[in-house]
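Below is one structure, written out as structure tokens; the observations come after it.
As the structure is a prediction and not an experimental result, all values here were calculated from the model. The sequence lines fix the lettering, A, B, ..., with proteins before strands; numbering per chain opens at 1.
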Amino acid sequence: MYEIISKRTLNPTVTMMDIYAPLVAKKAEPGQFIILRVDEEGERIPLTVAGYDRAAGTVKIIFQIVGATTMKLDRKNVGECLADFCGPLGRATETDGLGKVCIVGGGVGCAIALPVAQKLHSLGCEVHSVIGFRNKDLLILEDEFRACSARLDVMTDDGSYGRKGVVTEPLKEALEGGEKYDMVIAIGPLVMMKFVVATARPFGVPVTVSMNPIMIDGTGMCGGCRLTVGGSTKFACVDGPDFDGYEVDFDEAMERSRMYSDFEARAREEACNLFKKEVE
Amino acid sequence: MAIQPKKHEMPVQDAKVRARNFEEVALGYDEKTAVAEAQRCLNCKNRPCVSGCPVNIAIPEFISKVKTGEFEEAYKIISASSSLPAVCGRVCPQETQCESKCTLGIKFEPVGIGRLERFVADYHNGRSGEKAELPAPNGHKVAVIGSGPSGLTCAGDLAKKGYKVNVFEALHTAGGVLVYGIPEFRLPKSIVKQEVEALKSYGVEIDTNVVVGKTLTVDELFDMGFEAVFIGSGAGLPRFMGIPGESLKGVYSANEFLTRSNLMKAYKEGSDTPIMHAKHVVVVGGGNVAMDAARTALRLGAESVRIVYRRSMAELPARREEVEHAEEEGIVFDVLRNPVEIIGYHDPENKRDPKNGFVTGVKVIRCELGEPDEKGRRRPVEIPGSEYVIDADCVIMSIGTSPNPLIKNTTDGLEVNRRGGIVVEESTGKTSKEGVYAGGDAVTGAATVILAMGAGKTAAKAIDEYLRSR
């Protein structure tokens, strides 16, 4: 069993946990993911590694409460255990030979972008970070990003904190101002990553994106996580989750991500009703 | 006494009823029928059935014990050769193996060996309270990767010889394809669990959630003190045809569809894992996996399920009984047809239409059989201009798999063939890497449960010889 060692609410919809999983902690690298099941009847969900402590044997996960399973996970407390915690899966983010990188994180995607930024920083790379949120209440990890970034832009859609606007604006300004990035690494909603690619394209800067399609086994067996990359079928679980942003068919990925939106909406409603009952 | 020319019928659930439930289709012989069927065995001298069995079960010997009602004795004889008798009795293609060689079969129907095997295993499992006799430990450790048919067989055989065996399983449940692939109505999961528990009683340890190639590597297993490693990691990534529309919503690989239903229990109401309850389903392919997917879709409530296969009924690679069961349940076989495109809904006026991107049909082309290919199977040849569209809201691709790259990519010195299958010496399962053996789908590509078990058995024997000779 995989014990919850610590739990912190980052904002009303985002929770951080450290899970005791020594075999995973020993190997995990930024960019990789894990698959967990909350309980014996639960579904398998993939979550990207948000950090790890090899000595303590723990792996950090940060998740947004969006569906029935993440709601169930959020109700677990320190000292309780998860039924399954498997990984690290997927390939680690390529960090070799990068001297200057712009990291673009959107929403809870910032949780995944942070360990990449930290690793690059520790390797001596100059990191510029742009992190964006809908509003001030949803802001997470600002201090952590500041600590590993030579430059940090915080954006909010409504201007309630930092600068008003979307993450592509500071990126565009930097590129127009002559910044020469070896790589732009974008992690966040599909539509954000699509626009980061569009922003970088005229400048010819390489863009790496982190894809998180629907997955079941996560080990290269079911094929549910397939994407079209460079015109051929790729599997995010074994070929990714990082891909060359210029090659990914984002429109198709966005379409596929909505396959179960009805089911999820129903599950959310049921779970919310359960919540209400518990409160009463 | 005259010999009954036909096998005793296997009692089954009524086709109309079972097409809407997930309970087991075949119900099994009772004691009286089993004894009567056993009496059909001629107990002939040359025992051709045994050579037809990939794990060489002493078939006439166990059948003699059934004749005399000594069912536990019969079980002992089977389990000396097979680690998973209740599984084999259900999923082996006996008609092309043991039963195809049966002497009685020359004139009449062969003895129902598979049905008798199943009866004996179920008899034992229903009564066993006996503790397995633990073999004396020999002090040697072996790691087995994957808890499917080949891994469990290899682990069982080695444990019975006194080895300490750890099985590393990537998923959260042991059983491999027996739990994620083969549906409940063909192989109840309680039976797989029972067989796995039986292995544990011999001291086999199963570590779930360990993906070898990621969590641990083969070389690390040696560092941990294992002296030999068996790779039985199974089939890998599903193949797709490369035709337009395969990324539409409603297109599944059979692996995904079956994993959702079987492993993740999406067939049960209230499951956390979603699955499409489609109305009109097309399954592409003609193997056992295609039959399983089609029959699962039917049980999930489909109004029509069609199998699209490019050759004719005679060439269907699936086990005959599965094809018959599928037909009885109302699955339509559109043979001599090949998909050329999957068609989806798209409203250019309304980008937010929730139907956008979902499957509406499959365009197929008719085929005829041409010259035989290198395997002797007649090649399907497309008939130009014969395309038409089958309406469907779900398409399940069941056209095979290609090997999983995780172990290959992280194990130096492990030779693989052009298709990515691990290269082994056939008589031993030995790979190009010292102390590493392999078998099952990881070597051969998609095959049957019993062939994988045979490979696990071969490797166990070779591993024992290798470790003794050191």
Side-chain angles (χ1 to χ4, degrees), chain A residues 2 21 23-24 26-27 32 34-45 67-69 72 83-91 214 216-228 232-233 235 237-239 249 251-264 266-267 270, chain B residues 169-173 176-177 180-181 207-217 220 233-240 242 246-260 263-266 268 270-276 344 354 356-358 397 401-406 409:
Chain A
Y2 306 87
L23 285 179
V24 186
K26 200 173 152 194
K27 288 278 177 74
Q32 291 187 296
I34 58 94
I35 293 250
L36 66 79
R37 284 200 317 157
V38 178
D39 55 38
E40 276 307 320
E41 298 299 314
E43 69 173 332
R44 293 170 69 91
I45 59 160
T69 298
K72 202 151 71 172
D84 300 286
F85 195 88
C86 176
L89 300 166
R91 293 164 182 264
I214 294 169
I216 310 172
D217 67 296
T219 64
M221 189 269 283
C222 84
C225 65
R226 65 188 186 275
L227 302 159
T228 304
S232 59
T233 299
F235 300 97
C237 68
V238 292
D239 300 322
D249 185 338
D251 293 337
E252 178 189 285
M254 282 188 260
E255 195 70 83
R256 281 182 64 78
S257 72
R258 288 191 288 268
M259 170 131 183
Y260 297 104
S261 43
D262 271 6
F263 182 95
E264 280 155 19
R266 252 194 336 271
E270 278 167 24
Chain B
E169 167 57 48
L171 295 174
H172 55 264
T173 310
V177 73
Y180 76 72
D207 298 311
T208 51
N209 296 325
V210 178
V211 184
V212 175
K214 285 288 171 189
T215 318
L216 294 170
T217 62
E220 284 171 317
S233 52
L237 291 159
R239 289 216 187 100
F240 290 89
E246 283 182 308
S247 293
L248 288 165
K249 291 178 285 186
V251 181
Y252 286 103
S253 73
N255 271 9
E256 179 184 357
F257 188 73
L258 290 171
T259 301
R260 282 179 182 273
L263 177 73
M264 303 314 298
K265 310 284 176 223
K268 289 186 181 166
S271 168
D272 284 348
T273 299
I275 196 164
M276 233 181 128
N356 279 344
F358 275 97
M397 304 303 274
T401 56
S402 26
N404 188 303
L406 294 181
N409 289 349

>> Taking salt bridge (charged side-chain N to carboxylate O under 4.0 Å, His left out) as the definition, give me every residue that meets it alongside A/Arg37, ordered by chain and number, with sequence neighbours left out.
In response: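 Listed in chain order: A/Glu40, A/Asp84.
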Indicate the atoms forming the closest heavy-atom contact of [X] with [Y], along with that distance.
X	Y	answer
B/Ser247	A/Thr228	OG-OG1, 3.8 Å
B/Asn209	A/Cys86	O-SG, 3.6 Å
A/Tyr260	B/Pro274	CD2-CB, 3.5 Å
B/Lys214	A/Gln32	NZ-NE2, 4.1 Å

> Just by modelled atom types, is the B/Gly357 backbone N or O under 3.5 Å from a matching donor or acceptor in the A/Arg258 side chain?
Replying inline: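 Between the backbone of B/Gly357 and the side chain of A/Arg258 there is no qualifying donor-acceptor contact (under 3.5 Å).
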Are [X] and [Y] close enough that some pair of their side-chain heavy atoms sits under 4.5 Å apart?
X	Y	result
B/Asp272	A/Lys72	yes
A/Lys27	B/Thr215	no
B/Met264	A/Glu41	no

>> Rounded at 0.5 Å granularity, tell me how far OG in B/Ser271 sits from CD in A/Glu43.
In response: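 Answer for the OG-CD pair, B/Ser271 versus A/Glu43, is 8.0 Å.
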> Say you draw a straight line from CD1 of A/Ile216 to OG of B/Ser253; how long is it, rounded to the nearest 0.5 Å?
Replying inline: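 Going from CD1 on A/Ile216 over to OG on B/Ser253, the span is 7.5 Å.
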> Which atoms of A/Ile214 come close to chain B, meaning under 4.5 Å heavy atom to heavy atom: side chain ones, backbone ones, both, or neither?
Replying inline: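 Side chain of A/Ile214 only, per the 4.5 Å heavy-atom cut-off to chain B.
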>> With a 4.5 angstrom heavy-atom cut-off, is it the side chain or the backbone of A/Glu252 that approaches chain B, or both, or neither?
In response: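 When you check distances to chain B, only side chain atoms of A/Glu252 fall under 4.5 Å.
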Heavy-atom pair count under 4.5 Å with chain A, highest-scoring of [options]:
options	answer
B/Asn356, B/Asn409, B/Thr208	B/Asn356
B/Lys268, B/Arg260, B/Met276, B/Glu246	B/Arg260
B/Ile275, B/Leu237, B/Asn255	B/Leu237
B/Met397, B/Glu220, B/Lys265	B/Glu220

> Are B/Val251 and A/Met259 close enough, and set up right, to give a side chain to side chain contact (heavy atoms under 4.5 Å, CB included), and what steps lead you there?
Replying inline: CA-CA 10 Å; B/Val251 181; A/Met259 170 131 183; over 6 Å; no
> Using non-hydrogen atoms only, which part of B/Phe257 is less than 4.5 Å away from chain A: side chain, backbone, both, or neither?
Replying inline: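 For B/Phe257, there is no contact with chain A at all, as no heavy atom is under 4.5 Å.
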> For A/Asp217, what residues pass the side-chain contact (heavy atoms from CB on, under 4.5 Å) criterion, not counting sequence neighbours?
Replying inline: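 Result, side-chain contact (heavy atoms from CB on, under 4.5 Å) vs A/Asp217: A/Thr219, A/Met221, A/Cys222, B/Leu171.
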